[in-house]
Amino acid sequence: MDKIIETDVLVIGAGPIGLAAANLLADQGVNVMLVERHAGTSDEPRAISVTDETLRVMQQIGVLDRLAPEMLMDTGARYFGRKEQLLAEVYPASPRLGQPGKSQFDQPVMESLLLEAARARPLIDIRFTTEAFRITDGPAHVDTVLIDDDGKHTVRSKWVLACDGGRSPVRSQLGIPMEGSTQVQKWIVVDIINTPGEPERFSEFHCNGTRPVVVVPGVNGRCRYEFMLLPGEDAAAVTSPEAIIRLIAPFRTISAEDIRRAAVYVAHQRVALNYRVGHVLLAGDAAHMMPPFAGQALNAGIRDVANLAWKIAASVTGTGTDALVNTYQSERRPHAVDMVRLSHRIGTVVMNVNPALTAIRDAAITASGIVPTAKAWLAGMKFLKQPHFTEGCVADPGAAVPKRAAALVGRSLSQPQVTVPTGDAVPLDAVLGTGWALLYFPHDRRAPLEVRRVDTEVNHDGGPHLALTGATAVTDTSGAFAAVAGSGMTLLVRPDRYVAAVTTPDTEQAAFAALAAYVPELARLRQAETGLPAAH
C-alpha cells in the first residue's frame, strides 16, 4: 500500500484561483498541497479585467507592486451603437478599497507572480504534472488519489478545494449539477502584441448589429479583439492569420507575427447547485461560469477563495466551526448568480443583431441621458454590484445602531491611506494584519481611531485561541469612515476584510454572541480584561 501523504488542505488546479487560494491559506498558517495536471502555469491570456477587490487580494498576497506595471489601471468602457455613434461612456465610481475600480491585466503575468509567491511560502507544496484521480470523503478527512510521473499516491487532507476549471473533474465526480444555460453565439478571441502608441484607458464595445466587436487595450503593446462568429463561419478558418488580419484591419494594420493567440469560445452562464460536498469545496469556474461581457469571471473566483481561505484555516486550527465553512455558499453563491445574470444581460445588449431591436436599444440608451439617476447608474458602473452579505458570518446590528453605520455590516471595509504613529502613510490593510481586527472610533472626532489585531495563539494546554494584540492608533483624513466617526462604536472586521459587526458598548455582547456560532473564541475574546478600548 502506498504511503499516505498528509496535509491540511489539498488545492486542485494551479490557475490564478488555485494559486491565490494556496497563498491565502498558507498566510493563515495551514499546510497546503497544490496540484496541477499541466507542466506549469498557463501561457495563454484568458481573463483580462480585474476589479479593486481582486487587486486588494493581490496586495494582501504581496504581488501587486510587480503586477501593477504590467497592467492598464483605472479604466472605463465606451459603448458604440449600430452607426458607430457613442452611446455611453462609463467609468467606475470612486474607488473605496484602495485600488482602481477596474483595470486590464495579463493572466500569464498574474499567474507567474502568484506561483513565485507560492514557491516562497514554505507551507505550500507545489506539484505539477499531477492529476487528482479519485476522491474519497470520510468523517474527519478526505483521501485523494493523485497520479504523477512516479505513479499513484494518496493524499489525506482535512479539506479539498477544487479550483479545476469550468469542466471540473472534481465537480463531475461529486455529481454536483450546474444550473443555467449555454450561450448560442460563439466569439472569436484574438490577443495581439506590438500595438503602437499609448493605449486609451477605455474598452470599446462596438454594438454594430452586424458583427459586434469588443476591443480591450493593455500595456506593453498588448490588445484584445473579440468578434462575434457569424452563422456558417468555420472556427479553424476564421482563426487563421489571414482571417485575423482582415478582421482587425478596420482598427489597425497587423502582421501574422503580431498575433499572440486566436481561438473561438462559447460562453456559459451556469452556477453549481452546491459549493460543498462533505470536505470538498468548489471555487472559481468549477463553481460558476459566466459570459465575459462584465469582466467578472476571474474576479468572482478571487472573491470565492478570499472568502473561503480563512474559514478553512479556522476549521483546521480549531477556532472555527463547521457552520463557518457552510457560510461560504450562503455568502458567495447569491453574488455569483447576480454576476452571471449581469454578464448575460450585457451580452444581450452587445450581441444583438436584430435591426429593429438595435435601433430601439440605441434610442433607449441615448434617452437615459435625460434621466439623471439612470445616467449616474450607467456612467458610474453601478450595475457592477458589490457583494453584501445579509446572512452568514455577520451579526445583525440591531435598531440601536444608526442606519448609515449599520449599512457597513456585510460589506467590504474601505481601505484608505492612514497615518500611523511614526508619521508614515500606509494602506489600512497593512495595519489590520491577516486575522480578525477591531476598529474602535472614539467619541472625539479629532482623536485617532484604534486598531486592534486578533491573532491565533497557542494555549498553555496546546490548543489554539484568539488573542488581542497591542493597539495601533491611526488617523484617517479621507472621510472613508464618516458613518462611524465620533460615534464610540466598534467595527469587527473579518480576515477577508468584510465587516462582521458594528457595535455600540450596549450591543457588543449580543453581536459577539451571535458570531460565536461560527467562531466560538469571539465570545471569550470580548470578555478579556485586556485589549478592549478603555471606553468599553
Side-chain angles (χ1 to χ4, degrees), residues 14-28 34 41-42 45-76 92 94-121 124 163 199 201 216-220 222 283-284 295-310 384 386-387 412-418 420 424-435 437 474 478 480 493-498:
I17 309 306
L19 285 163
N23 281 293
L24 292 170
L25 285 162
D27 288 347
Q28 292 288 327
L34 174 63
T41 56
S42 173
R46 292 176 180 169
I48 199 169
S49 181
V50 290
T51 65
D52 49 358
E53 198 165 354
T54 292
L55 293 184
R56 189 178 195 176
V57 174
M58 297 301 114
Q59 171 194 331
Q60 183 178 348
I61 292 172
V63 300
L64 185 58
D65 58 337
R66 288 167 293 162
L67 181 62
E70 295 286 342
M71 298 173 57
L72 185 64
M73 302 186 76
D74 200 14
T75 60
S94 299
R96 64 178 193 84
L97 303 184
Q99 305 297 341
K102 178 177 174 290
S103 302
Q104 266 74 262
F105 80 110
D106 189 63
Q107 182 168 326
V109 172
M110 176 184 281
E111 289 190 21
S112 66
L113 291 172
L114 287 172
L115 176 60
E116 184 180 337
R119 283 178 166 154
R121 286 163 164 81
I124 303 177
C163 307
R201 295 182 181 273
V216 185
V219 299
N220 299 329
R222 295 189 288 261
Q296 291 297 297
L298 175 132
N299 297 290
I302 295 295
R303 288 188 182 107
D304 288 345
V305 296
N307 181 286
L308 184 57
W310 67 274
L384 290 177
Q386 295 297 314
S412 190
L413 182 75
S414 291
Q415 188 195 190
Q417 291 285 115
V418 296
V420 295
D424 296 322
V426 300
L428 178 59
D429 285 6
V431 184
L432 297 181
T434 60
V474 302
S478 71
V493 183
R494 309 181 335 179
D496 60 355
R497 313 304 190 211
Y498 277 76

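Here the structure is a predicted model, which is why all the values come from computation and not from measurement.
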Worksheet entry | Ionic contact status for Glu111 with Arg46, cut-off 4.0 Å | no
Item to complete: Give the intermediate values and the outcome of side chain to side chain contact (heavy atoms under 4.5 Å, CB included) for residues Met110 and Leu114.
Response: CA-CA 6 Å; Met110 176 184 281; Leu114 287 172; 3.8 Å; yes
Worksheet item: Applying salt bridge (charged side-chain N to carboxylate O under 4.0 Å, His left out), which residue pairs with at least one partner in residues 54-63 are found, sequence neighbours left out?
Response: Arg56-Asp429
Worksheet item: With no hydrogens and no angle check, is any side-chain donor or acceptor of Arg222 less than 3.5 Å from a backbone partner on Glu70?
Response: yes
Donor-acceptor pairs under 3.5 angstrom involving side-chain atoms of residues 15-22: please list them, not counting sequence neighbours.
none

Item to complete: State, yes or no, whether a side-chain contact exists between Gln296 and Thr51 at a heavy-atom distance under 4.5 Å.
Response: yes
Discussion item. Using modelled atom types and a 3.5 Å cut-off, is there a donor and acceptor pairing between side-chain atoms of Asp304 and backbone atoms of Gly284?
Written reply: yes
Fill in: Sidechain-backbone polar pair: Arg201 side chain, Met73 backbone, donor-acceptor under 3.5 Å
yes
Worksheet item: Does any N or O in the side chain of Gln28 come within less than 3.5 Å of the main-chain N or O of Trp310, such that one atom is a donor and the other an acceptor?
Response: no
Worksheet item: Which residues satisfy the side-chain hydrogen bond (donor to acceptor under 3.5 Å, both in side chains) test with Asp52, sequence neighbours excluded?
Response: none
Item to complete: Determine, step by step, whether Gln415 and Gln59 satisfy the side chain to side chain contact (heavy atoms under 4.5 Å, CB included) criterion, reporting the C-alpha distance in whole Å, the side-chain angles of both residues, the deciding distance to 0.1 Å, and the verdict.
Response: CA-CA 12 Å; Gln415 188 195 190; Gln59 171 194 331; 2.7 Å; yes
Practice prompt. Find the distance between CG (Asp496) and CG (Leu413) and round it off to the nearest 0.5 Å.
Written response: 10.5 Å
Item to complete: Indicate the atoms forming the closest heavy-atom contact of Val63 with Leu113, along with that distance.
Response: CG1-O, 3.7 Å
Practice prompt. For residues Ser478 and Gln417, determine if any side-chain heavy atom of one lies less than 4.5 Å from a side-chain heavy atom of the other.
Written response: no
Item to complete: Apply side chain to side chain contact (heavy atoms under 4.5 Å, CB included) to Asn299 and Glu53, showing your working.
Response: CA-CA 8 Å; Asn299 297 290; Glu53 198 165 354; over 6 Å; no
